[in-house]
Each structure stands twice: as structure tokens, then as C-alpha cells.
Amino acid sequence: MHAFPSRRLLLMAVLVATTLSAAVEGVWRYSGVVSTPARIVLTAALGLLISGALALLLLARERAHRARDAASHSADAASALREAVMNVTSVGFAFFDRELRYVHVNTALAAMNGLPAERHLGRHVTEVMPDLGKLIAPRLQLALDTGAPIQDTLLQVETPAAPGESRYWFGSYLRVCGAKGEVLGVVASLSELTERMRAEKSLQEHEGRLDVLTRSLPDYLWGGKLRDGRLRDFYCTPVIERTTGYAASAFVRPAPDGGPPPLWAEMIHPEDRARYRASIEGMAPGAEAELEHRIICADGRVRWVRSRAAASALDAQGELHVGCVVTDITDRRLADGLRQRLHDSFRRSAQEWRRTFDAVASPLMVLGADGTVQRLNAAAIALFDGLDPSGQPLFTAASAPPWSHALPLVDELRRTRASATRELGDPVSRRTWEVSATWVDEAGGEDSRIILVATEVTRLLELQASLRRSETMAAMGAIVAGVAHEVRNPLFSISAVVDAVEATFGARAELKPYVDVLRGEVKRLNHLTQELFEYGRPTRGEWVEGPVAPVVVDALSACTLASERAGVSVDRTLAAALPPVRMDARRLFHVFRNVVENAVQHSPAGSTVRVATDEVEEAGRAWVRCTVRDGGPGFREEDLPHVFEPFFSKRRGGTGLGLAIVQRILEEHQGVIRLRNHPEGGAEVTLQLPAVSSPVSDQHVDSLAS
């Protein structure tokens, strides 16, 4: 960039040297002192010397100009960088001359003052911001005079940026000197502390309120962190002095192992210490614990307290934050002791109504006279999927049984103001509830209540039905067994007579139809007799624990001939690993064969019977399930309640004992049988047997199923 000026300077130097050389040459030629060759050499040397000297002088001058331009450019860049830094920082900066007039103001300070930067420049600090100027002018002057840094820890000012509002600043002032030590002015640095001061003030107010609240409470609070099953970072409120008589300072210093102060554990009654520590130190994340225990006060008295503790979730360090409220219940315990002699259970329930209320296993709900849910226990909340519907009308909150079916009962009670009990069943979930409703009038009749108590009786009804069925089946089994025994001898005689007639008269054409009818009826009666014997057989057998798949495979093999004759295919999907069951294999074989044969008999030719086994989880335990689905028309809805009744059959030639025998055998195995019509068509029978251990591999299932 500077090559062209250098060439120009060199050219000028050459021209000047040439001119001087020509002048010298003329002088020497005119004087004739020097010969011509010498004159030429001397003239050339002189020209070169002069041109070199001039060139050096000119180049030195140009370098000086370049250095000056570079210094000026660097100063401009430094100034621009300084301006950028000053304007981007959030701290306010201002530079004042020795007369305390603004020379420079950055963007942050202009915003803090609420005035443009140009409104500051050249004006005295008291002219721009009178109130602020009166505060900082003496400090600026002091820094200017002494050269020592001056600081204001807290300035309370009011600026145009926030008129009528006190702002808080931190100020720092320092004298600025030039390169030769001359005083140029003073620089001020101001930081906004308003939000921090407000936060500290708010925190102090909250701490004061909390202190007042904790001191006004009759209970004392303590807290800490559970780390590795041990309590650390213990603290408690000073109110502990009222309850225990010990000074609050006794609970400040931790134990040598970092745990709570020794007094905290020592004042727990010796008989309650193990229970107390197990409840507190054994808390799980999010758990709550409540226990009543005794403490030994400073004067030796024993007082009863109730400690209610709650634990947080695990924090990032794997620690639980535990807080506890300790309430003095000595007077209540004494009153309980007196009332216990009169009516212990009633008075204790009145004192601890909430805990007792939630401890009731049966769902319990209290409604207002207008049907609004006022209170309900934990068991009742569980029936609302864990949501508390308090404050809502029952008719809007009730979405699940039994409450969804209890609305007519509530309406009836609001009319009669009496008591009523209804048995409510839900066809979807197949659960039955006994709901009792009572109208309660408070004193004066101004605050009436409706109390609903629901008791699930599904299992009870099932047991009652099972008991009735067992009694009926036992009585019928005895009768049937006796009848079958008496029928078997005549059947044998009839069969022998038919054989004798056929042997005596030969295969006569006119007798053959009668002989065939007799043989068919005898065969049918023999089958019925066998079914009757099976139905009336007493419960005994060889019980083993093992896989059920081989029994299913044997039953399917026994049904092969019947399925081929009916033109029905059997598709099997048997799980390779199922848990073992406790079973009588011979009786269970009869169950599977009976169900599969029944499915084949009800399926039209060309259809498929599907058999599948798997493991399911139900009612909190594992079950082995076998599902048999036929290709027939399915069950009629009106027949479903009667299919397990003995001698009930819609199939021509059927005995009506097949499913009754299946149900009885499954009940012997603690299993269940369920019937339904499959959504895609056909009847579906589900057999479930309780598993007795973890899954084991049925070694031969794959080969047998193939």
C-alpha cells in the first residue's frame, strides 16, 4: 500500500542529485581545475552520494508518518473496543473531569438514570441528577483529592427511570491519571442492587413470619436428611423448650458421628426407642409415618406425644428430606384412659376420627343433605381411581360402581330420611356390593348427613353359590350314583338277552331293526350310566404337581377320531413354558376331552376348533389358562345361566352332564371355568388352574403339539 510513495521519493532524490551533479559539473568545467575523466568520476560519485542521502532522509520521514498512522489506528481500535465493552456491560460507568462534569456515560448507566447519554455530557453531576448528585459529588471529590478508591455499600436513590420508587445501588469511585501523572478526572462504577435488596427484605419478612408462626404453634418441628438409614443435618424449632423443658441450644450441636444431638434420642422413653427409630429411619421416599410415644422431660416427667413425619423424594445426592411435627397429647391420653373405662372404642374413634375413618376397609362416604360429597375414606377414594371428589355432587362424581348405581338409593333416602340397604351388582365388572345408606340429623337439624357404606360381597355370594352348588351336587351325586348302580345290572341283563336272541335266531332280517335299536339304546344308557358315575364319584385321586400341557395333548389325541368323523379340524397353540399346577391328571384329562369333544360336536363340518394355552396374571396370582373356541353358533344368552346345571342340554342325544362334571372337577382343582360368545363368532370356554410355582419348561410340548 506504501510502495508508490516510496518510489516517488526515490525519484525526487535522483532528480535532485542529478541537478546538483550537473551544477557541480558546470562549475568544474568552467574553472578547468580537474581533467575531464576525473571530473566525470567525481561528479557521478557526488551525485550518488547526494541521491542516497536524500533517499535515506525521505524514507525515514515516511516511516515516521507510517508509525504515527499505525499508532493512531491502534488508539482508535482500542477506543472502539473500550466503548463496546463499556456499553455491553450491565454495570453503569461514568467518567467525570476534574470539575465533576460528565465526560462519558455508558449505556447501562444511562438506562439506570432514565436519561439519554447526551443529556449527561458536559454537565455537572448535580445538574443531571440533583438528589443523586448531592449523594455522590462529595465521594467523587474525595476520590479526586485523595486518589484512594472510595466505595458506597448502599445508595438509596430515586431516578427518572423509576419515579417515586426507591432504587438501591452499589458505588465505587477512583481517580484517573494520565501518562505523566496529571489528574484527568474520576471514574464511577454503579451496580443495581434493587432486586437483591427486595429479595432479602422479602426473605427477612418470610423468615419473621415463619418464626412467629412456629413460636405461636403448640407443636414443635424438627427436620433433617436421611442418608444411608441415618439422620443427619438435624434441626428443630425453639418451641421444643415448651414441651420438653430442655433448652433449644441443647439440640444444636450434632453427635460425634454427625447424627442428631444425643439428647434427641435419649429423651425418647426407653421402651419406645426401637419402635421410634424404626419408624423414622426406615422411611421410604414419599412415605409418611405417624406414631405415639413417650418422652422424658427435663424435670423427669413422662409425656405422651404424637410424631407425624413425612419424607420427600430422593434428591440428587440420594438423600431423603424428613420433616416431623411433634404434638403433645398427654392430656388427650389421660382423657382417653378415663373414657376407656366408660366407652373406650367410641371415645377413641371420636379423638382419632380421621385415622379410624381411613383405616376402615369398607368404602365409606359422607354426603350433605343436597347429595354433595363431603368426606370419604381412603377405601372410597380408591373406587374413584384415587381422585378425591370432595365438594362435588355425587351424580357428577360417580363414574364407577358401586357409587354409579347408588344414586337412586340416595334419592330415596333424601325423600324418606331413613335407612336403607341395597345389593347393587355391576354386570360389566361382575362385582356385587351391599350398600347401606343412613340419614343422620345433627343437633338442631341444620346440618344433616347421608352416610354411605359399601361392602363388596362378590366373593361371599360366590362362596354361598358354590356351597349351595356343592351341597346340591353332593346330594344329587349320591342319588345319581345309587341310581346308576341299580341301572347297570338291568342293562347288563338286557345286553345279554339281545346277544342271546341274535345267537339263537341268527341274522333274521325282520329282527335286525329291533336288535339294532336295542343295542343303540343299551349303549346310550351305558354312556349315561358312566356319566352318572363320573358325576357322583367322590373327590379323591392322585394329586401331583406338574405341567398341564401333556394332559391337554393327550385329551386332544383322544378327540382325533371324533373330529375326523365330524369333518372338523383342531388347531392347537400350546405355550412351551408354563408354571406347574396341582392336579389329578386323570380327572383333568376328562375335563379337557369333554370340553374339546363338546366344541367339535357344536361345530359344523369344515370349521375349526382352536385350542390355546398360556399363562395369565389375575387377582394377584399366576394362572394357567386353556381356551377352547368352536366354530358353531355360540351360546344363547338365555341358556348361559343354566349350562352348568345337571341334565341341561340343548344337543340332541346329550346327557346334560358334561359341563356340570367339568365345573365340579375344576372346583376340586381350585380352578374356574368361564363361558362367552367370541366377538368373531362361536362359543369360547376358558379353563383356569392356579399355578403353584415359577414357570418350568414342558419338555415334550413341542414334539407332541407337532
Counting only N and O atoms by type, is there a donor-acceptor contact under 3.5 Å from the side chain of [X] to the main-chain atoms of [Y]?
{"X": "Asp272", "Y": "Tyr276", "result": "no"}
{"X": "Glu241", "Y": "Ala248", "result": "yes"}
{"X": "Asn113", "Y": "Leu115", "result": "no"}
{"X": "Arg294", "Y": "Pro270", "result": "no"}
{"X": "Ser189", "Y": "Phe93", "result": "no"}
{"X": "Asn377", "Y": "Leu364", "result": "yes"}

Given the rule in the side chain to side chain contact (heavy atoms under 4.5 Å, CB included) test, do Ile295 and Ile268 qualify, once you have shown the distances and angles that lead to the verdict?
-> CA-CA 4 Å; Ile295 60 173; Ile268 306 296; 4.1 Å; yes

Arg621 NZ/CZ over Trp623 ring centroid, <6.0 Å and within 45° of normal =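 Yes, Arg621 and Trp623 form such a contact.
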
Is any side-chain heavy atom of [X] less than 4.5 Å from a side-chain heavy atom of [Y]?
{"X": "Glu288", "Y": "Arg308", "result": "no"}
{"X": "Leu221", "Y": "Tyr235", "result": "no"}
{"X": "Arg422", "Y": "Trp433", "result": "no"}
{"X": "Met267", "Y": "Ile240", "result": "yes"}
{"X": "Pro149", "Y": "Gln151", "result": "no"}
{"X": "Leu226", "Y": "Leu231", "result": "yes"}
{"X": "Thr455", "Y": "Ser436", "result": "no"}
{"X": "Ile136", "Y": "Trp169", "result": "no"}

Taking atom CZ of Arg275 as the centre, report whether more than 12 heavy atoms of other residues, nucleotides or ligands fall under 6.0 Å from it.
->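 Check passes, neighbour count above 12.
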
Shortest non-hydrogen contact from [X] to [Y]?
{"X": "Leu320", "Y": "Ser312", "value": "CD2-O, 3.1 Å"}
{"X": "Arg582", "Y": "Val692", "value": "N-CG1, 3.9 Å"}
{"X": "Trp439", "Y": "Ala369", "value": "CH2-CB, 3.9 Å"}
{"X": "Asp614", "Y": "Ala575", "value": "CA-CB, 4.3 Å"}
{"X": "Ser191", "Y": "Val91", "value": "OG-CG1, 3.7 Å"}
{"X": "Ala420", "Y": "Leu409", "value": "CB-CD1, 3.6 Å"}

Spatial distance of atom [atom1] ([X]) from atom [atom2] ([Y]) [nearest 0.5 Å]:
{"X": "Arg227", "Y": "Arg232", "atom1": "CZ", "atom2": "CZ", "result": "6.5 Å"}
{"X": "Ile451", "Y": "Arg375", "atom1": "CD1", "atom2": "CZ", "result": "10.0 Å"}
{"X": "Thr243", "Y": "Asp219", "atom1": "OG1", "atom2": "CG", "result": "7.5 Å"}
{"X": "Ile150", "Y": "Leu174", "atom1": "CD1", "atom2": "CG", "result": "9.0 Å"}
{"X": "Arg303", "Y": "Arg333", "atom1": "CZ", "atom2": "CZ", "result": "13.0 Å"}
{"X": "Arg242", "Y": "Cys297", "atom1": "CZ", "atom2": "SG", "result": "14.5 Å"}

Should His293 and His269 be marked as a side chain to side chain contact (heavy atoms under 4.5 Å, CB included) after you check the CA-CA gap, both sets of side-chain angles, and the distance that decides it?
-> CA-CA 8 Å; His293 58 92; His269 195 280; over 6 Å; no

Among Trp222, Tyr220, Phe251, which one satisfies ring-ring contact (aromatic ring centres under 6.0 Å, His included) with Trp264?
->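 Checked Trp222, Tyr220, Phe251 against Trp264; only one passes ring-ring contact (aromatic ring centres under 6.0 Å, His included): Trp222.
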
Name the orientation class of the two ring planes belonging to Tyr102 and Phe96 (parallel below 30°, tilted from 30 to 60°, perpendicular beyond 60°).
->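 Answer is tilted, since the angle falls between 30° and 60°.
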
Step by step, work out the side chain to side chain contact (heavy atoms under 4.5 Å, CB included) result for Val305 and Thr327.
-> CA-CA 5 Å; Val305 295; Thr327 306; over 6 Å; no

Side chain to side chain contact (heavy atoms under 4.5 Å, CB included) between Glu618 and Arg625, intermediate numbers included | CA-CA 11 Å; Glu618 188 176 304; Arg625 179 174 64 184; over 6 Å; no

